[in-house]
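Read through the structure below, which is laid out as structure tokens, and then see the notes.
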Amino acid sequence: MGRFEPKILAFCCSYCSYAAADLAGAMRLQYPGNIKIIKVPCTGKVDLIHLLLAFEQGADGIMVAGCLEGNCHFLSGNLRARQRVNRVMAILDRIGLEGDRLAMFNLSAGMGARFAEMAREMYAQVLKLGPSPINIARETAARPIVEVAA
Amino acid sequence: MIKAVPKPLEEIIDLVKDFHKVLIVGCDGCVTVCEAGGLKEVQVLGSSLRLYFTQAGQRMDIDETSLTRQCDQEYLDQLKDRIDHYEAVVSLACGCGVQYLAERYHDKIVYPGVDTCFMGVDLERGVYAERCQACGKCILANTGGICPIARCSKRMLNGPCGGSEKGKCEVNPEIDCGWQLIYDRLKILGQLDRFEQPVDPKDWATSRDGGPRKIVREDLRL
Amino acid sequence: MNNTTPSRLEKMLAAGHLAVTSEVGPPRSCDGSVIEQKAELIKDYVDAVNVTDNQTSVTRLCSLAACIRLKLMGLEPVLQMVTRDRNRIALQSDIFGAASFGICNILCLTGDHQHFGDHPNAVNVFDLDSTQLIQTVRLMRDEGRLLGGHQFEHRPQMFIGAAANPFADPFEIRVPRLAKKVAAGAQFIQTQCIYNMDKFKLWLKLARDRGLTERVAILAGITPMKNVGMARYMKNRVPGIDVPDEIVKRMGGVPKEKQAAEGIRLAIEQIQELKEEEGIRGFHLMAIEWEEKVPEIVERAGLFPRPQLN
Ligand code: SF4
Ligand code: SF4
């Protein structure tokens, strides 16, 4: 294994964090490039299974970034998202992955600097945790060991 | 509806760890409503198990499906062409569904993936409460529509006991005293006279005490 | 009330005397001598001795065996029977067994939930409740019949008692519930320990107004407090017991070493006060693990010597 470059996924709400990420770019703020952003209409759209499947497919870390609490465009989508994130963190802890590979953030569309900071935080955290045990297991296995069935 | 909770992941991991091909079968009935064993829960369990066994370096094929109901042969039959492919099945249906699936495929190992708890109602999302114990001879007509069997901790038919305090049961202040509820409702209904009539010992033979129960409705059979 | 059973308690009440009963709690072992020692302490001061049935759901030497021991000592036991642990088959069987030893008083109870005791994982039975147990004993005694219909000849001669808790909620049903137990066949009542006098007197008045005190003999439950800690514990932790603040204050108002004496004094005052109440037919002293104080209380309350019946 070469130098570890964390694969991080960010589920960003189109009303806040997605715009904040844009703003961070426009402001030319530095944040790690290998954070892949997935735009969602609301973090309430992100379900447990999306997070778990992302880990199955090799994510080393995932961030879910929604609006500030109380400011969800759909009233409680971000609160549901937080609850789901907590549930998945608990699952990860029980199946040999670290719950800390997942994090929920709240911010508004104007917080470009905060987005960059949050991305750096997540990057540092995942760097510290190292590659996901799933990726380690796959690399060490001689043959593919998972056939994700439909 | 029937209320259940998912079994702890550790328990399920332990059940299936010696197999390599496992099918998880959900049920679209009651357990979907209480978010314990529907398709979503099947997917989450499937993914969790795959992650677990992958990181543990163990080969494990896990497939997922859900049936309209597992308490009905017709729907169980839908598995017949594929079930042979698996060494074991984890059913997320209530205890009835798990058993009926095992009965239909009686040479297949079938494990329960949920703990079936009671028949109850949804107080709010994620909060369910027991309401009926299927005693087989409903007495709600005499008790203000509140069941003393399911809702009094001592299933007293002549309650409340001496432990009822401020509307709460002696067992635990989280439990409403069933007999306080009955009294309050009888009062609202103007039926307090029913309260003073001693209720005779109940015939429990129609309850589980009579042995496994069965309903035969000749009027419905072909 | 015309006495129908050989019960001395029943005769004592029928003769118009204030009855005195007390209780012994069996040990959590098979050491039967504990019962005899406790009974020895109180026997000359009471008319009958209750034996608790696995009280607070803690497993103890069984009430029936302990009652037989008392009977063999020449005492008059009151068999407490809870419906928590035995179904109607076992209950009726135990009633036969008790009657076969000449035990002729029974206190019909539902019993505390097993969650309080030493086996919270146990199944509970509750085939009958207290009211239905009263009905059952009456059926066996008066009609020579079991619940299942079997007719038999030798009928258990039981003086039937029940408990009443005037302090449980809702208050307004406590007299109707007493009426229900009387309608079912209860002949004597032993109440929950009384600390809130005003509430108790109100309950008694309502019972009197309905003529219930004519139909059932009410024995007022008295439990002496050992110290202020016990007062607080009963106030806050025991469901269905009502300890007013004044009592806690009074117990706490005297130095620690004098609190026991204060508790005894309080119990005696309660008895004196209730003696004057119409409808009180006696006292049931529940001196929990403090049986040795019963003689003093009975004596100082002016209830000694016990009347002799011939
Ligand atoms: S009386 Fe019987 S059938 Fe009716 S609600 Fe209660 S347990 Fe259910
Ligand atoms: S407190 Fe109420 S619900 Fe609890 S056992 Fe007593 S009567 Fe039943």
Side-chain angles (χ1 to χ4, degrees), chain A residues 7 9 44-62 75-77 79-102 129-150, chain B residues 5-17 19-26 32 35-66 79 81-83 85-90 92 113 124-127:
Chain A
K7 290 193 282 291
L9 214 56
K45 183 70 193 126
V46 182
D47 214 334
L48 277 70
I49 191 63
H50 302 128
L51 301 171
L52 289 167
L53 282 177
F55 282 114
E56 275 195 64
Q57 309 210 345
D60 294 301
I62 303 177
L75 304 176
S76 57
L79 302 179
R80 287 180 203 284
R82 176 168 294 279
Q83 209 195 21
R84 290 176 191 147
V85 164
N86 290 341
R87 278 174 71 188
V88 173
M89 287 173 81
I91 291 174
L92 295 177
D93 280 331
R94 303 172 93 157
I95 57 174
L97 273 76
E98 302 82 352
D100 287 344
R101 291 187 183 276
L102 179 60
L129 288 168
S132 151
I134 299 300
N135 295 335
I136 297 175
R138 287 214 180 105
E139 270 195 32
T140 30
R143 55 188 163 75
I145 53 166
V146 162
E147 300 146 34
V148 179
Chain B
V5 292
K7 273 191 179 292
L9 264 171
E10 293 82 350
E11 196 179 328
I12 299 179
I13 289 171
D14 199 50
L15 288 173
V16 302
K17 65 178 187 306
F19 303 106
H20 300 290
K21 285 171 183 288
V22 172
L23 178 66
I24 306 174
V25 187
T32 296
E35 300 182 54
L39 184 59
K40 272 194 176 191
E41 291 72 36
V42 167
Q43 290 170 339
V44 168
L45 176 62
S47 182
S48 303
L49 291 179
R50 277 193 298 273
L51 284 167
Y52 172 80
F53 288 109
T54 304
Q55 62 82 33
Q58 186 177 331
R59 193 178 74 81
M60 178 69 82
D61 293 347
I62 292 186
D63 282 353
E64 302 154 1
T65 189
S66 189
L79 296 177
D81 296 330
R82 55 191 296 211
I83 198 156
H85 179 69
Y86 304 97
E87 296 159 327
V89 177
V90 175
L92 298 197
E124 59 183 81
R125 183 163 175 217
V127 184

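Convention: sequence-line order gives letters A, B, ...; per-chain numbering from 1. For clarity, every value in this text was computed on a predicted model and none was experimentally measured.
- Within the structure, no pair that satisfies the side-chain hydrogen bond (donor to acceptor under 3.5 Å, both in side chains) test touches residues 83-93 of chain A, not counting sequence neighbours.
- Taken to the nearest 0.5 Å, the OG atom of B:Ser47 stands 9.0 Å off from the CD atom of A:Gln57.
- At least one side-chain heavy atom of A:Leu97 sits under 4.5 Å from a side-chain heavy atom of B:Gln55.
- From A:Leu52, atom CG reaches atom CD of B:Gln43 across 10.5 Å, with rounding to the nearest 0.5 Å.
- Taking 4.5 Å as the limit, every side-chain heavy atom of A:Arg94 sits out of range of all side-chain heavy atoms of B:Ser48.
- Atom CG of A:Leu48 and atom CD of B:Glu41 lie 9.0 Å apart (nearest 0.5 Å).
- The candidate from A:Gly96, A:Ser132, A:Pro133 with the greatest count of non-hydrogen atom pairs under 4.5 Å with chain B is A:Gly96.
- Here the CG atom belonging to B:Leu49 is positioned 10.0 Å from the CD1 atom belonging to A:Ile91, to the nearest 0.5 angstrom.
- The environment of A:Arg80 atom CZ is sparse: at most 12 non-hydrogen atoms of other residues, nucleotides or ligands sit within 6.0 angstrom.
- A heavy-atom distance below 4.5 Å is not found between the side chains of B:Arg50 and A:Ile95.
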